Structure formats: C-alpha cells, structure tokens
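On a predicted model such as this, the values are computed, not experimentally measured, just so you know. In each ligand, atom 1 is the first atom listed, and ligand 1 is the first ligand listed.
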Amino acid sequence: MANSKFEYVKQFEQPDQLLPNTWVVVRIDGRGFTKFSSKYQFEKPNDKRALDLMNAAARAVMTELPDITIAYGVSDEYSFVFHKTCTLFERRASKLVSTIVSTFTAYYVHLWSTYFTDSPLSPPLPSFDGRAVCYPSVQNLRDYMSWRQVDCHINNLYNTTFWALIQLGGIDATEAEKSLKGTFSADKNEILFSKFSINYNNEPEIFKKGSVVFRDYEPVEPGTHNVAHEVENLAEPATQSKSQSEKDKKRRAKAAIVVEHLDIIKDEFWDRRPWLLSNKPGKIPKEP
Ligand SMILES: Nc1nc2c(ncn2[C@@H]2O[C@H](COP(=O)(O)OP(=O)(O)OP(=O)(O)O)[C@@H](O)[C@H]2O)c(=O)[nH]1
Ligand SMILES: [Mg+2]
Ligand SMILES: [Mg+2]
C-alpha cells in the first residue's frame, strides 16, 4: 500500500524503551490528594477506607497485568515492579506507565463506593501521575522498596504524633508543628506514650508499614526443607518443557494475590518468598 504524504509525521515519535535487563518500577501518585482527602473528609492522619481502596485498585492492576511481580503502597502512592526480564509492550516506558495509571485510576473510581459508602464521587475526580525508573540490581530494587517503607514509617510516626497533639492534646497545628521541630523518633514515641498513653508499636500495621501486594504460594519456613532450592533448580525457560511452563503460567494466573503489611526491609520477607526476585521469571515453587 502506498504511503500517504502525511505519513512522514511518524518520524517525530521518539523511542522510549527502558533499559533491558533492569527491574522496572512504575510509581503512581495521587494528584492533589491534600485537597482531595480534605474534600472527602479522610480521617487524619490515616483513613482506613482510603488505604483499603488504594490496595483494592492495586490488586486489580496486578490481576490484569500478570507481569507485575510485587507492588508496595503508602498514602496516595503505589509502586509496581516488573521483573527484569519482562518484555511487556517492548518495555516502552509510556505504554507501561500510561497503562498502569489508567487501569489503577479506573479501578479507584469503580471501587470508590464500596469503600466510601456515604460520599459519592463528584468532579474534580481523582487522578494519578506516574513515572518509570529502572534499577539495575536486586540490591538497588530492594533499597528502593526500603526507601519507600522507611518514608512510610517516618511520615506515619510524625503524623500520628502531630494529630495526637491536636486531637487529644487540644493544641493547634502551628503549636504542634513547633513542638515537633527538631525531635527524633525516640522523642515522638515518648510524647505519644507519656502524654497520650499511646504505644506506637501497637498502632495498626497497615499504617506503620504500608501495604505489599504479591502472588502467594506456600511461604518457605526459614531453615526447613526448601522450596527456594526447588525454585533455583527449575529449568531455565529455554530448556523448560512447554507443558511445564504452561502449567506454571496457569498456576501463576490462579495464585492468590495477597495484600500484607510486612517488613520488606529485612531479608526475611524475601528469603521466605524466593519466587519474587528469582532470576527465573515466573518460576514458582513446586506443588507439594
Ligand atoms: N487525612 C488523610 N490524608 C491523606 C491520607 N492519605 C493521603 N492523604 C493526603 O494526601 C497527601 C499526599 O501527599 P502528596 O502526594 O505529597 O501531595 P498531593 O497533595 O497529592 O500533591 P501531588 O502529589 O504533588 O499532586 C498527604 O499529604 C495527605 O494530605 C489519609 O489516609 N488521610
Ligand atoms: Mg499526591
Ligand atoms: Mg504522595
């Protein structure tokens, strides 16, 4: 077929393929959620309905995009991790980011009324931005995840203390900010405990640790017969029989996608779930 004289405009499209063999993280973040959360009267500092809604939307994204290995969410943000061998959309950044952002936003709006039963959405509707970043090593990826979880902890400890001072201590925001200026974690723990008898350790895990979403198979008990070994011994994709990889794919599709509030900084989380960062994508433990 002859090209039209307009077709040259295609040349203006720039390639945006992400670096091969790197872990791709797509992080999305709610636009103007300071205002949005006040419009819908989110509870301060944490609104369980809002977090459950974020988690439900993230689960839906992971169900629709089986290439996502793991996701981590806190506040109005979510990070989705693609395996380093992932070739979805030829690793084009704009396709990956826009698909995640629109799928997440669509489910956020669709599921809104399930979590906010008494406040129907009205314009301006919630929207999210997104970006993709490549991490070349497992260590870099884990440091990224740790960075987000540390951020969750620091912000939550601050916000919990700040709002306790206001809601329980009866002081205003300016005074609360002033009394927290220059304080360390230990000081905030002390303020919570001595002034309000709140033991920060007893705060809900979802607030303290954020939410991690992943496909679950039987976790490996440290020091026991190990599925990790089996995962490592599974054949490379090239040598793995077609029927086995088909079976794996089916089990992966059927696997439960769980939302947990666990420490993802320490090794234990990753050691118990070796399929998450395995060199061999989609390799899952053998069935018992
Ligand atoms: N009250 C309340 N507010 C929340 C909750 N989760 C998120 N937020 C609000 O959402 C904001 C998220 O912070 P940012 O993403 O940095 O700020 P933003 O207003 O969304 O601005 P942009 O992301 O730059 O568009 C917080 O500062 C809170 O105001 C919650 O559970 N309760
Ligand atoms: Mg935001
Ligand atoms: Mg944010």
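Using a 4.5 Å heavy-atom cutoff, the side chains of Lys188 and Tyr200 are not in contact. Put simply, the side chain of Phe269 does not reach to within 4.5 Å of the side chain of Glu260, judged on heavy atoms. A heavy-atom distance below 4.5 Å is not found between the side chains of Tyr115 and Tyr108. Under the 4.5 Å side-chain criterion, counting only non-hydrogen atoms from C-beta, Arg91 is in contact with Thr22.
For the Mg ion (ligand 2), the set of nearby N, O or S atoms under 2.8 Å includes one belonging to Gly30. For Asp129, every N, O or S atom stays at 2.8 Å or more from the Mg ion (ligand 2).
Between Tyr158 and Phe162, the angle of the ring planes stays under 30°, which puts this pair in the parallel group of the 30/60° scheme.
Of the listed residues (Ile265, Asn140, Val81), just one forms a side chain to side chain contact (heavy atoms under 4.5 Å, CB included) with Met145, and that residue is Val81.
If you look at Thr34 next to ligand 1, the close heavy atoms, those under 4.0 Å, come from the backbone and the side chain alike. Neither the backbone nor the side chain of Ser38 comes within contact range of ligand 1; no heavy atom lies under 4.0 Å.
For ligand 1 and Arg31, the ligand atoms under 4.0 Å from any heavy atom of the residue are 25 (O). Per-residue contacts place Pro45 under 4.0 angstrom from the following atoms of ligand 1 (heavy atoms of the residue considered): 2 (C), 30 (C), 31 (O), 32 (N). Taking every heavy atom of Asp29 and a limit of under 4.0 angstrom, the matching atoms of ligand 1 come to 15 (O), 23 (O).
Remark: Arg142 engages Asp267 in a salt bridge, criterion side-chain N to carboxylate O under 4.0 Å. With respect to Glu175 and Lys178, no salt bridge is recorded, no charged nitrogen being found less than 4.0 Å from a carboxylate O. Under a 4.0 Å N-O distance rule, the pair Asp52/Arg49 does not qualify as a salt bridge.
Shortest contact from atom 10 (O) of ligand 1 to any protein heavy atom: Phe33 CB, 3.5 Å. For atom 25 (O) of ligand 1, the nearest protein heavy atom (residue, atom name, distance) is Gly32 N, 2.7 Å. What sits closest to atom 7 (C) of ligand 1 on the protein, heavy atoms only, is Ser75 OG, 3.2 Å. Scanning the protein heavy atoms around atom 31 (O) of ligand 1, the nearest turns out to be Asp47 N, 2.8 Å.
In this structure, atom 29 (O) of ligand 1 has a protein heavy-atom contact shorter than 4.0 Å. Distance screen at 4.0 Å: atom 18 (P) of ligand 1 has a protein heavy-atom neighbour inside the cut-off.
The atom name of the N/O/S atom in Asp29 closest to the Mg ion (ligand 2) is OD1. Taking the Mg ion (ligand 3) as reference, Asp76 places its N/O/S atom OD1 nearest.
If you check each of Glu43, Glu77, Lys48, Met54 against atom 2 (C) of ligand 1, the one with the closest non-hydrogen atom is Glu43. With atom 5 (C) of ligand 1 as the reference point, the heavy atom nearest to it among Trp163, Phe42, Phe36 is part of Phe42. Of the listed options Asp129, Leu51, Asp76, Asp76 places a heavy atom closest to atom 13 (O) of ligand 1.
In this structure, Tyr72 and Cys152 approach most closely via the heavy-atom pair OH-CB, 3.5 Å. The heavy-atom pair separating Ile198 from Ala164 by the smallest distance is CD1-CB, 4.5 Å. Taking all atoms of both residues into account, the shortest heavy-atom contact from Trp270 to Leu277 is CE3-CD1, 3.4 Å.
Remark: ligand 1 and Asn46 share no N or O pair separated by less than 3.5 Å (distance only, no angle test).
Judged by the shortest distance from any of its heavy atoms, Ala50 lies outside the 4.0 Å radius around the atoms of ligand 1.
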